[in-house]
Enquirer: 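This is the structure I want to talk about, given as structure tokens.
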Amino acid sequence: MPEDTREPAAQSLPDAAPGAIAAPPLQRVSTAYLVWLAVAAFGGSLAMMVPLSYSLALRIDEIAPGREELLGFVTGSAQFTYLALSPLIGLWSDRLRSRFGRRTPFMAAGAVLGLVAMGGIALAGNVLLVGLFWVIGMAGWSVAGQAIQNLQADRVPEEQRGRVSALTGVAVQVAPVLGIGIAYAFASNELLVFMVPAAVGVALMLLLPVFKPEGDSRALVGAGAHVTVKGLITSYGFNPRKYPDFGWNWLGRFIFFMGLYFNTTFSTFFYAQRLDLPVKEVAGVLAVIGIIGVAAAAGGAVAGGFLSDKLQRRKLFALVGAGIFVAGAVTEAFAYSLPQLIAGMVLMQLAIAVFATVDQAIAFAVLPDRAQAGRYLAVVAFAQKIPSAIAPLIAPFIITVGAGGGDKNYTLLYLCGAVFALAGGLVIATKIKSVR
């Protein structure tokens, strides 16, 4: 089938009835559109994951040396705050009447908010202010990332969802690795270590609407489609009996990401302990390990995305990804040398890419209503955001079990992560019926 190089256009639709919301047309999009989506996803991941993976830990270590558990409380609090806001943002995004579209204004506003917050973190003089600015920054980056994902649900048809998930999956995996390298190059300057990766991320995100404008959304959204109190309250959930596959995918995703965040939140401190390095020197190690893992992540995303498109099999790849994650987590749990740590990280990078790529395609396929993609993808995001809020709050207690001599029990933490990841993959592989 020849590729249609035209992008779906909201302007071509008849005006929506008052109060109604229409879904944009699904037709094959051009390769260029997929590439710009991936570039935007790369920028969003770079902007948000560099603080989570490195610079927040560095800042907290400078302000409160030896109090690494504070990182979990800071990141967890920010995730909880965004969870409370995300349904409102999803509803508002679905209903936004704008000549720039429904998603683009949220992408731009979130990116700018995140950029400003990074400057606040860099200049903050205590952990409380760091936490406050990270709440703002996390909200901004998450809003921008959610807008990019909503565009995928709005525009990309089923037969291309695997490949767009593959491209964005590779971008999301590669971005933190390169971003940490950028941050490390400016490690001597507290302001630049936050601002440079954020500014690069914002610039890359905004290239998407510049080169592939979303189009006017006033033809999609009726004039009376407002956010109501009842709509907001009901947007926090869904009926799992009415939409069982959406519910099972949500649960499997939730469990898998609990395992993932157990094994990533404290990675900076984990490598510092296992390699007996100062926290400030870990960025170089993370960058080297990450670069090695890029090839594995790219291969995993391609296998999960393109092959699942070709074979029309999604659930098998989700289970394979969970199994590989277990192998990587167990390897990391008992690793005390750089080669062992590299092996474990490579396996985990591969696994995350496979699972996330395929599960994103599954999530798009089981959406209850594509016209309200913003609302339902906000609910899907709960399955990732709740674990990212809970796991950092639970992990500090796990790493203190049996700990002695100043060393934390990261072995137990990584094994817990492996159990959760496998359970999540099994739920998706065995319970979802409408997707192969």
Enquirer: If I take atom CE from residue Met118 and atom CD1 from residue Ile136, how far apart are they, to the nearest 0.5 angstrom?
Expert: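 The CD1 atom of Ile136 is 9.5 Å from CE of Met118, to the nearest 0.5 Å.
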Enquirer: Is the distance between the ring centroids of Phe256 and Phe325 less than 6.0 Å?
Expert: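 Between Phe256 and Phe325, the centre distance is under 6.0 Å.
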Enquirer: Output yes when a side-chain donor or acceptor of Gln160 lies under 3.5 Å from a complementary backbone atom of Val29, and no otherwise.
Expert: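 Confirmed, Gln160 side chain pairs with Val29 backbone.
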Enquirer: Please lay out, stage by stage, how Arg103 and Ser93 fare under the test side-chain hydrogen bond (donor to acceptor under 3.5 Å, both in side chains).
Expert: CA-CA 6 Å; Arg103 317 304 183 187; Ser93 176; 2.6 Å; yes
Enquirer: Would you give the length of the straight line joining atom OG1 of Thr168 to atom CG of Leu34, rounded to the nearest 0.5 angstrom?
Expert: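 Rounded to the nearest 0.5 Å, the OG1-CG separation comes out at 9.5 Å.
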Enquirer: Check whether any side-chain heavy atom of Leu307 sits under 4.5 Å from a side-chain heavy atom of Phe317, and report yes or no.
Expert: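 Counting from C-beta outward, Leu307 and Phe317 do come under 4.5 Å.
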Enquirer: What residues form a salt bridge (charged side-chain N to carboxylate O under 4.0 Å, His left out) with Asp245, not counting sequence neighbours?
Expert: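 With neighbours one apart ignored, the set is empty.
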Enquirer: Does Tyr414 reach the main-chain N or O of Asn263 with its side chain, forming a donor-acceptor pair under 3.5 Å?
Expert: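 At least one qualifying donor-acceptor pair exists.
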Enquirer: Passes side chain to side chain contact (heavy atoms under 4.5 Å, CB included), Leu316 versus Leu319? Steps please.
Expert: CA-CA 5 Å; Leu316 172 63; Leu319 183 58; 5.5 Å; no
Enquirer: To the nearest 0.5 angstrom, please state how far the CD atom of Gln149 sits from the CG atom of Leu37.
Expert: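 So the gap between those two atoms works out to 11.0 Å.
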Enquirer: Considering non-hydrogen atoms only, spot the tightest contact between Thr357 and Gly162 and give its length.
Expert: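 Minimum heavy-atom separation between Thr357 and Gly162: CG2-O, 4.0 Å.
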Enquirer: Are Phe269 and Tyr410, when compared by the centres of their aromatic rings, separated by less than 6.0 Å?
Expert: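 Ring centroids of Phe269 and Tyr410 are no less than 6.0 Å from each other.
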Enquirer: What's the verdict on salt bridge (charged side-chain N to carboxylate O under 4.0 Å, His left out) for Arg102 and Asp154, showing C-alpha distance, side-chain angles and the deciding distance?
Expert: CA-CA 10 Å; Arg102 296 190 295 173; Asp154 287 344; 3.2 Å; yes
Enquirer: With distance as the sole criterion, is a donor-acceptor pair present between the side chains of Gln146 and Tyr82 under 3.5 Å?
Expert: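 Tyr82 and Gln146 do have a side-chain donor-acceptor pair below 3.5 Å.
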Enquirer: Regarding Arg253 and Asp359, does a basic nitrogen lie under 4.0 Å from an acidic carboxylate oxygen?
Expert: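 Looking at Arg253 and Asp359, the cut-off is met.
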Enquirer: Between the side chains of Ser308 and Arg314, does any donor sit under 3.5 Å from an acceptor?
Expert: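 Ser308 vs Arg314: donor-acceptor pair found between side chains.
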Enquirer: Please check if the distance between the ring centroids of Phe238 and Phe246 is under 6.0 Å.
Expert: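 Centroid separation for Phe238 and Phe246: below 6.0 Å.
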Enquirer: List for me each residue that meets side-chain hydrogen bond (donor to acceptor under 3.5 Å, both in side chains) alongside Tyr271, sequence neighbours excluded, and say none if there are none.
Expert: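 So Tyr271 forms a side-chain hydrogen bond (donor to acceptor under 3.5 Å, both in side chains) with Glu332.
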Enquirer: Crowded around Trp36 CH2? As in, over 12 foreign heavy atoms under 6.0 Å?
Expert: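 Atom CH2 in Trp36 is packed in, count exceeds 12.
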Enquirer: About how many Å separate CD1 of Ile148 and CE of Met107, when rounded to the nearest 0.5 Å?
Expert: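 That separation rounds to 5.0 Å.
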Enquirer: Where do Val50 and Pro176 come nearest, in terms of heavy atoms and distance?
Expert: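 Shortest heavy-atom contact: CG2-O, 4.4 Å.
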